[in-house]
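Each chain gets a letter, A, B and so on, in the order the sequences are listed, and its residues count up from 1.
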Number of protein chains: 2
Amino acid sequence: MDAKRKDIHNSDIPLLCRACEARHQGVCGALSTDQLVSLNKQSTRKRVNSGVELIGETQRTDSYANIISGVVKLTKMMADGRQQIVGLQFAPDFLGRPFRSDSGITADAATEVNICSFPKAMIDRMIKDTPELEHKLLEQTLKELDEARDWMLTLGRKTASEKVASFLSLIATHINPEWESGPLSFELPLTRSDIADFLGLTIETVSRQMTKLRKEGVIVIRNNRMVEVPDLARLVERASA
Amino acid sequence: MDAKRKDIHNSDIPLLCRACEARHQGVCGALSTDQLVSLNKQSTRKRVNSGVELIGETQRTDSYANIISGVVKLTKMMADGRQQIVGLQFAPDFLGRPFRSDSGITADAATEVNICSFPKAMIDRMIKDTPELEHKLLEQTLKELDEARDWMLTLGRKTASEKVASFLSLIATHINPEWESGPLSFELPLTRSDIADFLGLTIETVSRQMTKLRKEGVIVIRNNRMVEVPDLARLVERASA
DNA sequence: ATCCCGCCTTGACTTTGATCAAACTGCGCT
DNA sequence: AGCGCAGTTTGATCAAAGTCAAGGCGGGAT
């Protein structure tokens with residue numbers, strides 16, 4: 001095993017992605033300087049508004065992207081309109097499904113989103129030449145799989161109240177992963193309707209459970225989007241995580 | 001790109017795994033003859049009965065395994081005993097979580113299961129030396145992710161009746177992937193209790209919905225485990241897939 | 001054969017969350 | 001300011017699934 005390979009496998013220091021002009025753990029971290037330079041030429045930065053479809057039925061999926069900022073929701077829809085959010089992606093996640101163009105999932109911007117996108121063909125080519133890239137993809141895919149399975153437990157076995165607490169905990173800890181103690185406030189990246197689709201509930205039930213948590217003093221609702229959590233431990237408790 | 005690399009990426013012909021004495025799409029497909037020989041020395045075939053824990057709290061996860069036959073259920077459990085099956089694995093799936101020992105999931109034999117297991121350290125070492133192996137793992141992980149997300153839609157948005165039909169369709173099509181038309185009969189690999197844990201329902205609800213499908217002529221229940229489906233299309237329809 | 005035990009089914013009733021409907025809030029617009 | 005609108009909250013009612021309880025079925029052991 002050469003030193004370079006070892007380095008990639010043992011370290012999780014994000015590398016500089018010149019194409020995105022940002023440090024992140026997206027695909028770029030595995031690339032050589034030469035590859036980054038050529039990627040740089042083909043990549044485009046985009047800013048999209050909330051609600052815009054990034055990958056799906058209408059948008060042909062001929063590109064991958066790194067998320068620079070914002071939140072992307074991955075949604076599955078049934079023929080009759082029922083829908084379920086099957087994943088949320090934050091910076092610096094990688095957006096796109098390798099080796100396949102359709103997975104029956106659409107990706108929409110939940111908030112304003114900045115992405116750096118590049119041609120799918122280019123990345124697919126680099127994957128074949130660069131094992132480190134495949135390693136990065138495997139790590140992200142495993143992370144997404146863990147998250148999906150955690151959420152399956154929430155969808156299948158938790159009560160409405162536990163679901164809402166789980167969602168708020170998820171966002172709270174994601175916004176501030178290094179939190180220790182004391183109050184914490186943050187902006188919800190989703191509307192009530194999106195939260196309902198993420199939790200497998202209706203908007204009315206989400207609203208009622210939020211109200212319940214507010215009345216019990218577990219959360220403070222500043223406005224529809226801004227939430228304050230005086231004691232995260234108490235919220236996490238409600239989630240029965 | 002050398003020919004060998006290209007071959008692995010473009011072909012999905014299962015290779016002979018000498019360690020398992022079986023052709024399958026598990027990890028062995030990516031290995032060289034030398035690697036297979038050394039794997040052969042360290043691997044052990046095991047037959048385990050239904051209900052036995054393969055990976056989890058008690059069983060220290062220091063090994064990976066290929067499933068030779070049988071069905072393995074991946075379960076998440078809450079502190080109060082509620083549990084959710086987050087995945088089913090069939091031959092020739094690969095069993096084990098790379099790069100991490102605990103993922104909060106236990107793997108139990110749902111039926112009698114035959115596995116071929118090898119030391120985790122050995123595979124982890126081979127992963128670093130053999131990009132093709134990592135490619136195989138990525139493919140399986142993506143498949144599991146797709147399945148998990150499909151199931152999230154089922155858990156979050158389908159009715160009890162649709163859930164049961166979805167489960168039966170899943171098993172029916174898995175048992176006989178090349179099915180065209182005409183009646184189809186198969187053995188359920190799970191108990192009612194397991195089915196309930198997979199669907200996020202109670203055993204009573206599962207039982208009632210099975211009875212309903214039986215009375216409507218969509219399925220015939222030979223005995224608790226044996227089910228006959230006269231017209232698969234009609235069942236799939238009920239699943240609102 | 002009979003008993004036993006695990007697994008499954010069925011019935012009566014309760015609870016949770018969905019549905020339907022109405023009203024409220026914040027915000028951009030004229 | 002007043003209007004309109006999207007998003008949210010709240011209330012009343014309803015239906016779906018859960019809970020509790022009893023009984024049936026089948027396979028293995030004595």
Once you round it to whole Å, what is the distance between C1' of D/dG26 and CZ of B/Arg222? 17 Å
Round to the nearest Å and state the distance from A/Lys215 atom NZ to D/dT9 atom P. 11 Å
Starting at atom CZ of A/Arg82, determine the distance to atom P of C/dT19, rounded to an integer number of angstrom. 10 Å
Do you know the tightest heavy-atom contact between B/Gly156 and A/Leu155? CA-CD2, 4.3 Å
Quick one: is A/Thr202 getting a side-chain N or O under 4.0 Å of the C/dA18 phosphate, OP1 or OP2? yes
Let's see if you can work this out: which of D/dC20, C/dG17, D/dT9 has an atom nearest to the side-chain heavy atoms of B/Glu204? D/dC20
Atom-pair distance (CD1 on A/Ile203; C1' on D/dA6), nearest Å: 11 Å
My understanding is that only one of B/Glu144, B/Lys73, B/Glu147 makes a side chain to side chain donor-acceptor pair (under 3.5 Å) with B/Gln89; could you say which? B/Glu144
Could you state the atom-to-atom distance from CZ of B/Arg225 to P of C/dC7 in whole Å? 9 Å
We want to know whether A/Ser169 and A/Ser166 form a side-chain donor-acceptor pair, criterion being a heavy-atom distance below 3.5 angstrom. no
B/Thr205 side chain N/O closer than 4.0 Å to the phosphate oxygens (OP1, OP2) of D/dA17? no
Using OP1 and OP2 only, check whether a side-chain N or O of B/Arg214 sits under 4.0 Å from C/dT10. yes
Select one nucleotide: of D/dA17, C/dT9, C/dG17, the one nearest the side-chain heavy atoms of A/Ala160. C/dG17
Output the rounded distance in Å from CZ (B/Arg192) to C1' (D/dC25). 12 Å
For A/Val206 and for A/Arg157, find the nucleotide of DNA chain D with the closest heavy atom, then tell me which residue's nucleotide is more 5'. A/Val206
Tell me if the side-chain of B/Arg208 makes a donor-acceptor pair with the base of C/dG11, cut-off 3.5 Å, by modelled atom types. yes
Starting from the 5' end of DNA chain C, give me the residue, B/Met210 or A/Gly200, whose nearest nucleotide shows up first. B/Met210
When rounded to whole Å, the CG to P distance for the pair A/Asp197 and D/dT8 reads 12 Å
Contact under 4.0 Å: A/Thr211 side-chain N or O vs D/dT10 OP1/OP2: yes
Can you measure B/Glu162 atom CD to D/dA16 atom C1' for me and round it to whole angstrom units? 12 Å
Donor-acceptor side-chain pairing of B/Ser240 and B/Glu162 below 3.5 angstrom: yes
So, B/Thr111 side chain and B/Val71 main chain: donor-acceptor pair closer than 3.5 Å or not? yes
